[in-house]
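Counting starts at 1 for both ligands and their atoms, in listed order. For this chain, numbers begin at 1 and follow the sequence in order. Given the structure is predicted, the values throughout are model-derived calculations rather than measurements.
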Amino acid sequence: MAIPLRTSAQAPSSQLQEILDGTDRFEELSDTDNEYEDMGIATPEEQANIAYLDSMRIPIRETYETDTSKVEEKTRQAILPYLEENPNDFTLNAYGVPRLQRELHATMLKKVLGDYTHQYAPMDASRPWIVYWGLQSMTALGLDIYPHQKRIAHTFSLAQHPTGGYGGGFGQLPHLACTYAALLSMAMAGGTETYESINRKTMWHFIGRMKQADGGFTMCEGGEEDIRGAFCALVAISLLNLPLDLPQDAPARMSGLTSFTDGLGDWVSQCQSWDGGISAAPGNEAHGAYAFCGLGCLSILGPPEETLHKYLDVPLLTHWLSSRQCSPEGGYNGRTNKLVDGCYSHWVGGCWSLLEASVSSTSPSTTLWNRTALARYILAAGQDKKGGLKDKPGKHPDAYHTCYNLAGLSAAQYRYVYDEDVNKDIGSGNLGAPYHWKTNGGYAGDDVVWDPEDVIRTVHPVFIIPYRSVYECRRYFESKERF
Ligand SMILES: CC(C)=CCC/C(C)=C/CC/C(C)=C/COP(=O)(O)OP(=O)(O)O
Ligand SMILES: [Zn+2]
């Protein structure tokens with residue numbers, strides 16, 4: 001039996017010397033031809049190898065220290081005090097973890113949805129996103145968004161483009177990301193005036209122009225084709241109950257495509273990378289935000305237990321997703337060798353809700369990811385002293401990180417379940433799968449680290465707005481004729 005070569009780091013020189021020194025003695029005692037094997041020691045050839053490695057020995061930290069590892073270490077050192085102590089002086093719960101600072105966040109969110117000075121003009125194209133992040137954060141905290149209803153309808157009626165879809169604001173070209181954020185905001189606001197402000201027919205034509213011959217969608221005319229486009233398009237088609245057939249003027253019809261869903265599952269499938277993650281477009285590096293878009297898209301295309309398994313290598317994806325949880329931080333990074341960041345609490349954490357629905361209830365993903373470590377990261381390291389949530393200690397809070405830290409907290413605190421028996425009265429038509437989700441109670445393991453008062457509201461795991469907003473919106477548009 002040959003012993004495996006140990007690395008120099010595992011076999012310090014003194015130990016190597018002992019092995020080398022002992023060889024003769026073992027040889028004297030041995031009475032077989034295989035004395036090295038008998039004694040469980042290295043053969044002379046292996047010993048020479050070990051000695052060679054030892055002579056090359058450099059302390060392991062130095063060998064593997066890179067710019068990336070240095071910044072990772074620095075990040076860890078910046079985060080650990082927030083996990084172990086309480087530098088923000090927040091009130092702690094019985095588990096020694098900061099309470100959810102609801103009032104501070106509510107104050108911050110009021111500013112997010114308030115007026116902006118002229119210095120913010122360059123962010124005008126992101127207005128639908130800012131509104132969406134602000135509103136979604138408020139609903140997650142259980143705050144009333146009704147007072148904003150009229151402003152929301154007005155803001156987006158101006159941002160709607162005459163040729164369909166939404167831009168960042170009045171006069172801006174339509175874009176699927178703006179359209180996605182605008183529609184989710186309007187679904188949250190609800191109300192006939194808001195719903196009726198949406199021109200479904202021009203929207204249908206706009207999305208038709210985004211459909212590509214290979215099955216995917218571009219983000220805007222002449223723009224990039226990526227998995228955000230596929231997800232945003234399906235969100236819009238499904239929420240507005242748009243016809244699935246491509247408009248006659250859709251360029252993809254020239255390639256023989258007739259439906260928005262033609263070739264889509266296969267296109268998403270091609271975005272799964274060699275390591276199991278999902279990338280923006282075939283052949284690119286996998287990223288957590290794109291993984292969520294891919295899973296979201298497939299969960300609209302059909303029941304996740306069917307579509308995820310049909311188009312993805314689920315075990316490989318599961319491995320990739322679980323590798324995103326950073327230790328000891330507990331939060332997620334977005335891609336291999338990158339840093340933990342609070343927004344991935346949703347982009348990656350939210351993937352588990354969808355993935356869990358695709359596997360048998362006997363193998364819950366609780367064993368694959370650590371909900372409580374994620375919740376601890378969000379509560380201890382993600383909350384800012386002045387309100388709002390953020391990427392990590394040392395960074396500024398903003399609406400984006402507030403929204404996605406809170407959505408991630410919801411993924412950690414609840415089990416989301418796909419159940420065909422939910423809402424049997426809606427969702428029977430085109431892309432109706434996302435109307436059959438429910439919450440199977442909160443997570444109640446032994447390792448919970450949050451107080452019951454710090455449990456946030458449920459969030460629809462595909463649309464990332466309240467369940468009620470999703471169901472009311474689709475119900476409204478199901479009552480419509482084709483247009
Ligand atoms: C629905 C929709 C439109 C979703 C958008 C999803 C989204 C947030 C995409 C960003 C993806 C990306 C490659 C980030 C990398 O940023 P980075 O290099 O700064 O961050 P990293 O170091 O953490 O990877
Ligand atoms: Zn982030």
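- Among the backbone and side-chain atoms of Asp341, an N, O or S atom lies under 2.8 Å from the Zn ion (ligand 2).
- Between Lys338 and ligand 1, at least one pair of N/O atoms sits closer than 3.5 Å.
- Heavy atoms of Tyr332 found under 4.0 angstrom from ligand 1: none, in either backbone or side chain.
- When only interatomic distances are considered, the shortest N/O to N/O separation between Trp347 and ligand 1 does not fall below 3.5 Å.
- At under 3.5 Å, a nitrogen or oxygen of His287, whether backbone or side chain, sits near a nitrogen or oxygen of ligand 1.
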- Evaluate salt bridge (Lys or Arg N to Asp or Glu O under 4.0 Å) for Glu478 paired with Arg475, printing each intermediate quantity in order. CA-CA 5 Å; Glu478 280 196 3; Arg475 246 190 207 106; over 6 Å; no
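- For atom 20 (O) of ligand 1, the nearest protein heavy atom lies closer than 4.0 Å.
- The option from Phe292, Tyr290, Tyr344, Phe231 that lies nearest to atom 16 (O) of ligand 1, judged by heavy atoms, is Tyr344.
- Under 4.0 Å is where a charged nitrogen must lie from a carboxylate oxygen, and between Asp226 and Arg228 at least one such pair does.
- When each atom of ligand 1 is checked for a heavy atom of Tyr400 under 4.0 Å away, the hits are 8 (C).
- For Tyr180, no nitrogen or oxygen atom sits less than 3.5 Å from a nitrogen or oxygen atom of ligand 1, counting backbone and side chain alike.
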- Item | CA sep, side-chain torsions, deciding dist, call: Arg371, Glu356, salt bridge (Lys or Arg N to Asp or Glu O under 4.0 Å) | CA-CA 13 Å; Arg371 295 161 175 272; Glu356 202 166 3; 3.4 Å; yes
